[in-house]
Structure formats: structure tokens, C-alpha cells
Amino acid sequence: MALQQNKNLSVIQITLPDGAVREFAPGITGMGIAENISKSLAKAVIAIKINGVLSDLSLPIDHSASISLIKREDDVALEMIRHDCAHVLAEAVQKLFPGTQVTIGPNIENGFFYDFARNEPFSTDDFLVIEQEMKKIVERGSAFTREVWDRQDAITYFKNKGENFKAELIQDLPDTEEIKIYRQGDWLDLCRGPHMPTTKHVGTAFKLMKVAGAYWRGDSNKAQLTRIYGTAWRTQAELDAYLTQIEEAEKRDHRKLGKELDLFHLQDEAQGSVFWHPKGYIIWQALESYMRRRLRHAGYEEVKTPQLMDARFWEASGHWGKYRENMFVVPDVVPNADEGGKVFKEEPKHFMALKPMNCPAHVQIFNQGIKSYRDLPIRMAEFGCCHRNEAHGALHGLMRVRQFTQDDAHIFCREDQIASESLAFCELLRVIYHDLGFDQFKVKLATRPEKRVGTEESWDYAENALKEALEAAGLAYDIAPGDGAFYGPKLEFHILDAIGRSWTCGTLQLDPNLPERLGAQYTGEDGQKHRPLMLHRAILGSIERFIGILIENYAGKLPLWLSPVQCVVATITSEADAYAQQVVEQLRSAGIRAELDARNEKINYKVREHSLQKVPYLWVVGKREAEEHKVAIRTLGSEGQDIQGVAEALKTLTQAVQPPY
RNA sequence: GCCGUUGUAGCUCAGGGGUAGAGCAACGCAUUCGUAAUGCGUGGGUCGGAGGUUCAAUUCCUCUCAACGGCACCA
């Protein structure tokens with residue numbers, strides 16, 4: 001066999017995607033194959049997949065292989081355009097701003113970024129000139145040529161050039177990795193490749209989007225770099241479509257809609273804490289009542305615990321040591337009453353803190369009295385208002401705030417109950433997410449981190465329990481290795497916002513540690529004292545965040561049961577005022593959130609305004625309706641009208657406003 | 001917290017060294033109208049805050065606060 005292959009070395013067989021086999025001399029390149037097939041293909045091709053691996057067209061092929069030639073319209077081409085565009089960006093920046101060091105420039109969703117090290121950070125004002133330079137480089141059409149360098153030579157080369165970050169990258173590459181360098185004209189960069197044939201292939205449908213600070217290797221203790229984000233597409237039409245799509249997404253922004261629909265506001269004096277307006281708070285209450293019904297049915301008991309607790313308490317829970325920088329700490333002294341004087345006459349010695357979490361307080365309730373194994377599991381729920389001293393730069397509308405309310409609960413249970421409790425939780429979560437319109441969410445299983453407590457066996461058991469729960473509940477998941485809490489693994493349930501950012505909403509965390517620290521125990525069947533385990537769990541996560549997500553996902557057009565105003569009765573003439581008033585009263589008596597619009601305005605004006613306010617139903621009444629005891633129903637999102645008798649319409653609407661549970 | 005951008009009327013935004021302007025909203029008057037903006041009129045701003053340069057600062061400079069986009073951190 002080996003002998004025969006050797007004999008045939010002068011010919012290799014290339015299998016094309018359609019199954020056709022062509023023979024070539026070893027060393028043939030992707031471009032050579034393309035040229036052999038047709039001239040037009042050679043013109044269009046930008047890369048090759050050899051046995052499924054994306055490679056440069058210039059790479060010689062020494063063995064028989066299945067190949068496919070990649071053209072600009074293939075999906076993978078977009079990845080290459082973006083990656084090559086990042087190289088073009090880097091060259092442009094180094095040319096325009098000598099002394100700038102390059103670091104890394106990976107692709108991301110819809111584009112790419114490149115991190116640069118430069119004493120003076122870039123500004124968006126620099127974009128125009130950089131983009132112009134990039135266009136020149138594209139126009140120049142330099143071939144991307146691939147070279148393999150000796151590791152030490154490469155390190156020396158980059159160090160001599162003052163490219164310390166690149167040198168560090170090369171140094172850290174695994175020994176098995178070849179050091180590949182790609183040239184484009186006079187400029188070169190360390191790169192895994194592959195690349196398209198020339199810079200011209202990048203095209204001109206690219207745009208620099210924003211600058212941001214970023215840290216070298218994602219570590220805030222390391223050097224501050226400047227990151228330039230860009231996007232690149234096959235055609236100008238695709239780029240335009242993408243930019244339009246971003247604009248459309250911005251219209252769904254909950255901060256914008258929150259203002260337009262008069263739901264809530266934020267202001268400087270209480271940054272990170274929400275002022276809920278009447279309409280916004282209706283959403284909150286509807287959501288909370290719904291959750292309360294769900295939780296009660298699922299065997300939870302609701303509690304309420306203190307906001308402010310002594311530092312001693314937080315020392316015992318471990319928060320004082322591990323979490324203090326995220327807490328709001330309050331001196332436990334009577335402040336000085338002298339106007340204009342010091343806030344405190346003496347340096348405060350005793351402190352209290354606003355709770356950042358509900359768990360330690362729940363353990364206190366558990367600890368009252370004696371618990372038997374028969375009492376377990378205990379599912380203790382609280383719509384707990386927590387404060388966390390978040391970094392200023394982290395705050396973001398309703399999504400990331402300093403005061404938030406969790407639909408929190410802690411399940412105290414025995415180890416043998418973890419699996420069934422986790423499964424029940426996953427099922428409850430899925431049902432609730434479905435009710436709220438989220439059939440698409442991502443689940444992550446965060447496994448044991450490097451710094452952790454507990455035995456390997458207990459981690460094995462806990463991770464498996466969570467995994468089995470997910471599988472039994474039929475939930476697909478990704479593993480986030482090492483992302484678990486130090487005390488136990490966790491599940492994270494993520495939902496995307498309008499701009500595609502992923503937010504953790506639900507969570508399930510296994511914690512054998514806190515019961516230990518706070519001395520929770522129960523009497524077992526054997527008459528001995530045992531430690532319960534604790535499951536920390538939330539479904540919405542934070543009510544603030546979840547409402548933000550709801551607003552964005554529905555673009556403000558909330559389901560009827562969550563709509564702040566469910567029906568507006570609008571008059572056409574003042575002759576219908578008395579009748580309209582009557583109709584509104586009937587709606588309100590039926591428990592429907594209804595308002596009267598009897599303003600002296602044209603019906604067009606009212607229709608427009610209530611449509612923009614996303615009111616689900618508009619009941620229009622004029623002289624005719626008043627005489628016939630009817631209403632003309634206009635449904636949000638449709639243009640027609642449906643004329644019905646009041647009694648009938650009322651009956652239908654009363655049913656429609658019912659919450660899903 | 002770090003980097004960049006922004007901050008002008010209730011909202012959306014224009015302007016710019018000689019103390020401000022539009023549309024919408026508000027208010028008043030007229031209009032009573034049939035499914036996405038009726039007309040006319042009136043009022044409204046220490047131009048985010050503090051300091052500096054200048055004869056003069058909302059405009060230029062410095063500092064500061066906040067928001068926005070990322071990074072880091074996290075529900």
C-alpha cells in the first residue's frame with residue numbers, strides 16, 4: 001500500500017464538492033485548481049476548504065483531498081472579509097499613527113475589532129482619515145502572502161520593532177503552533193490566517209463604528225488599549241441594510257420607550273435606582289402578581305426580610321469579606337444635627353449595610369425553631385429589594401441598576417432532593433418564560449471554578465444534578481467552564497435585548513456553603529443534626545431587568561394583560577361624551593384598565609396618539625355608537641374597525657385581559 | 001473604575017466670543033370633526049455644574065458630574 005502511494009506521488013486526486021475527481025501534480029494550489037476549472041471561477045474564488053479546513057488559495061496541496069472553493073457569496077467569505085479588513089485597519093492605523101502597537105483583531109458578530117496600544121487614545125474624529133487610508137490599501141490590492149517564521153526570529157523581529165504585545169503573543173503560543181506571518185505589501189502581522197488573495201478582495205463595504213477602551217488580555221490590571229470596532233460586508237447594500245437594522249433596533253430600546261410611554265425615569269440624584277411612574281408600575285404589579293400565583297402554586301412561601309442589617313451579620317455570612325466593595329455601608333450612629341457641621345461628630349465605628357442579597361436573611365428565618373427532615377424542602381420566596389454598589393460604568397437603564405428587586409427564593413433541602421428540585425425549577429422557569437413570550441433563551445451551566453470549596457465528589461454530584469435537571473426539562477445548554485460560584489455550580493438563563501446583548505435573567509445556584517457558615521441545620525431521620533443544602537434561584541432575575549427585556553422584546557407593545565392602559569374610549573364629538581363616560585365606567589368595573597379621551601381633538605389625532613402610546617384597544621364612539629349602544633373597536637397594529645354592541649365587546653375584552661395564569 | 005462620545009426649552013434637535021432658535025408638547029381662543037398630527041395666538045431656557053482666559057463666555061481652556069457606546073465586573 002505504502003509503496004503504491006509512493007509510486008503515485010506524481011499525481012494527487014482532488015475531489016470536488018459535486019463528487020468529480022481531478023488529478024493534479026502535488027503542490028498544486030487552490031488557485032491552480034480554480035484556474036484549471038475555469039477562468040471565471042479563478043476570478044471569483046477567495047479561499048479553499050481542504051478536507052473541510054479553510055485555507056489560503058496559495059497553499060500548496062501535497063496529498064489527495066476533498067476540496068471546495070469558497071466564493072464571495074459563501075457565508076464563510078463574510079468572516080474572511082471582516083478578518084482581512086481588520087488587517088487593513090491595522091496597517092492604516094500604523095501608517096497614520098507611527099508608534100502605535102498592534103495587538104489582536106478578531107472577528108465578532110457583524111464585524112471585527114482591533115486593539116491598539118498608543119499613548120494617546122483614538123477618537124471617532126480619526127475615523128474619516130483612517131477609513132480613507134484603508135480604502136487606499138484595498139485599492140492597492142496587495143497580495144496576502146503567508147510565511148512561516150522561526151519562533152525566536154519572530155520574537156526578536158517584533159521586539160526590535162517595539163511591538164512588545166505581539167512578541168508576548170508569539171511567546172505564549174503553544175510549541176506545536178507554527179509562527180505564521182502574513183504580508184500585505186510592506187506591512188506584516190502575526191496571524192493564524194487564512195486570508196483572501198489580496199487586500200482588494202476586502203471591498204469597500206466597511207465602516208468603522210466606535211472606539212472603546214479595552215484591557216490587554218481582558219485584565220483591568222494590565223495595559224489600557226484602544227479598541228476600534230468596525231463592520232464589513234460583501235456589498236454596500238448589505239452594509240446599508242445592517243446600519244438600518246441597527247437604527248430599527250434602537251427604536252426598541254427600553255430607555256427610549258420608557259420615556260415615550262411614560263413608564264419610568266432615572267435621574268442623577270439616584271443613579272441606578274428607578275423612579276417608576278404609574279404606568280410602569282402597573283407592569284411591575286401585574287408581573288409580580290403573576291409570579292406570586294405561580295410561586296404559591298409551586299409550593300413556595302413568601303417572606304419579607306430587613307433592608308438594613310448590622311455588619312456583624314454580613315461578617316458571618318462572608319459578604320463583609322468577599323462582597324463588601326459591592327455593598328452600601330451605612331454608619332450606625334446618629335448623625336450630627338448642626339447645620340453646616342460635619343455629618344458625623346466622630347469617626348463612625350459601627351456599620352450596617354443595605355442587603356445586596358436575600359440569602360443570609362432567609363437562613364435566619366430557617367434557623368428560627370427546630371427543623372425536621374420532614375419539613376424539607378422549604379421553598380422560601382421573597383421579592384427582595386437589593387442594593388449593590390455597581391461601578392458607574394456598569395449602569396445601564398433598567399438592565400443594570402443599583403437597587404433592584406429579585407424574584408428570589410431559596411430552597412433548603414437534602415442532597416437527595418437536589419435533582420428533583422432543580423428539575424422542578426427548570427420546568428417552572430420554562431413555563432413562565434413561555435407565558436411571558438420567551439421561548440428562545442440560552443442556558444449556561446457554569447461549572448467549578450479554580451478557586452472553590454468542597455470536595456471533588458460534591459462538585460461531581462452537584463454539576464451532574466444540574467445537568468440532569470436540564471436534560472430532563474428538555475433544555476439545551478452550553479457549558480461555561482470555570483464560571484461557577486466558589487461554593488457551587490450554577491445555571492444561568494440568558495435572554496437577548498434589542499441590540500443583541502445577552503443578559504442573565506434566571507439563575508439556579510447550588511450552595512452547600514452558606515448553611516454551614518450561618519449554622520443552618522435540621523434533625524434527620526437518624527435523630528442527628530444535618531446541614532441542609534441551599535438552592536439560590538430566580539426566574540425573572542431582577543424585575544427591573546426583566547421589564548426592560550419585556551419592553552424591548554415587544555417593542556413596547558406589551559401583551560394585553562401587562563399593558564398599562566388596556567383600552568381607551570375616544571369620542572368623535574362631544575355629543576358622545578356622556579355615553580363614552582358610561583362605557584369607561586363599565587370597563588373599569590370589569591377590572592379593565594381603561595381611560596377616557598374626550599378631548600376636543602379630531603379622531604385622527606386621537607388614533608395616532610394612542611397608537612403611538614401602544615394602547616392595545618381603542619374604542620371609538622361617536623353619535624351613532626351612542627345611539628345604538630355600540631363601540632367601534634380599533635386594535636393596535638391593524639387598520640380596520642369592528643363595530644360591536646357594548647355588552648358583547650366588554651365580555652370579549654374581559655376574557656382577553658386575563659393573565660396567562 | 002478605565003477609554004471614547006455627548007450634555008442647549010417638558011421631548012427631539014439646530015446654532016455659536018457680543019447674554020439664544022425650530023418642530024412637537026403646554027396654555028388660550030376658534031373649530032364638534034368618523035379611524036395615524038385642525039387653525040391662529042401666548043408663555044417657557046442662570047445653554048449639566050464649578051473655576052479660568054477675555055472688555056465680553058452658552059461658545060475657548062481646565063476641572064467636575066451625568067448619560068451614551070464599549071472594557072472590566074455582574075441579576
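All of these numbers come straight from a predicted model, not from anything done at the bench.
- Rounded to whole Å, the separation between the P atoms of B:G48 and B:A36 comes to 40 Å.
- Two residues, A:E575 and A:Q509, neighbour RNA chain B, and the one matched to the more 5' nucleotide by heavy-atom proximity is A:E575.
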A:K210 and A:T124: CA distance, side-chain angles, deciding distance, side-chain hydrogen bond (donor to acceptor under 3.5 Å, both in side chains) verdict: CA-CA 7 Å; A:K210 51 201 177 192; A:T124 40; over 6 Å; no
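- Not a single donor-acceptor pair, N or O on each side, falls under 3.5 Å between the base of B:C73 and the side chain of A:R388.
- Evaluation of A:F404 against the base of B:A75 yields a stacking contact (centre distance < 5.5 Å, interplanar angle < 30°).
- When the side-chain nitrogen and oxygen atoms of A:R501 are compared with OP1 and OP2 of B:G70, one or more of them lie within a distance under 4.0 Å.
- Of the side-chain N and O atoms in A:K210, none sit less than 4.0 angstrom from OP1 or OP2 of B:C3.
- Among the heavy atoms of the strands lying under 4.0 Å from A:E625 is at least one base atom, whether or not backbone atoms are also near.
- A:S123 comes within 4.0 angstrom of the backbone, heavy atoms only, and of no base.
- Between B:U5 and A:Y229, no contact under 4.0 Å exists linking OP1 or OP2 to a side-chain N or O.
- Side-chain atoms of A:A214 lie closest to B:C71 of the nucleotides B:C65, B:A36, B:C71.
- Across the protein-nucleic acid pair, A:H387 atom NE2 and B:A75 atom C1' stand 14 Å apart, rounded to whole Å.
- The side-chain tip of A:R82 does not point at the ring of A:F112 from less than 6.0 angstrom away and within 45° of straight on.
- Taking 4.0 angstrom as the limit, A:Q271 places a side-chain polar atom (N or O) nearer than this to OP1 or OP2 of B:A66.
- A:H396 comes within 4.0 angstrom of the backbone, heavy atoms only, and of no base.
- Of the N and O atoms on the side chains of A:E163 and A:Q94, at least one donor lies less than 3.5 Å from an acceptor on the other residue.
- Remark: A:R292 is not positioned above the aromatic ring of A:Y290, lacking an NZ or CZ atom under 6.0 angstrom from the ring centre and at most 45 degrees off the axis.
- Heavy atoms of A:E639 sit under 4.0 angstrom from primed sugar atoms or phosphate atoms, though from no base atom.
- Residue whose closest nucleotide on RNA chain B sits further toward the 5' end, between A:I603 and A:G218: A:I603.
- Using a 3.5 Å distance cut-off with no hydrogens or angles, the side chains of A:H83 and A:N107 do not pair a donor with an acceptor.
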Could you list all N or O pairs between the protein and nucleotides 7-15 of chain B that sit under 3.5 Å apart?
{"unit_1": "B:U12", "atom_1": "OP1", "unit_2": "A:K259", "atom_2": "NZ", "d": "3.4"}

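- B:G17 and B:C27 have their C1' atoms separated by 36 Å, given to the nearest Å.
- Look at A:R255 and you'll find a side-chain N or O under 4.0 angstrom from OP1 or OP2 of B:G69.
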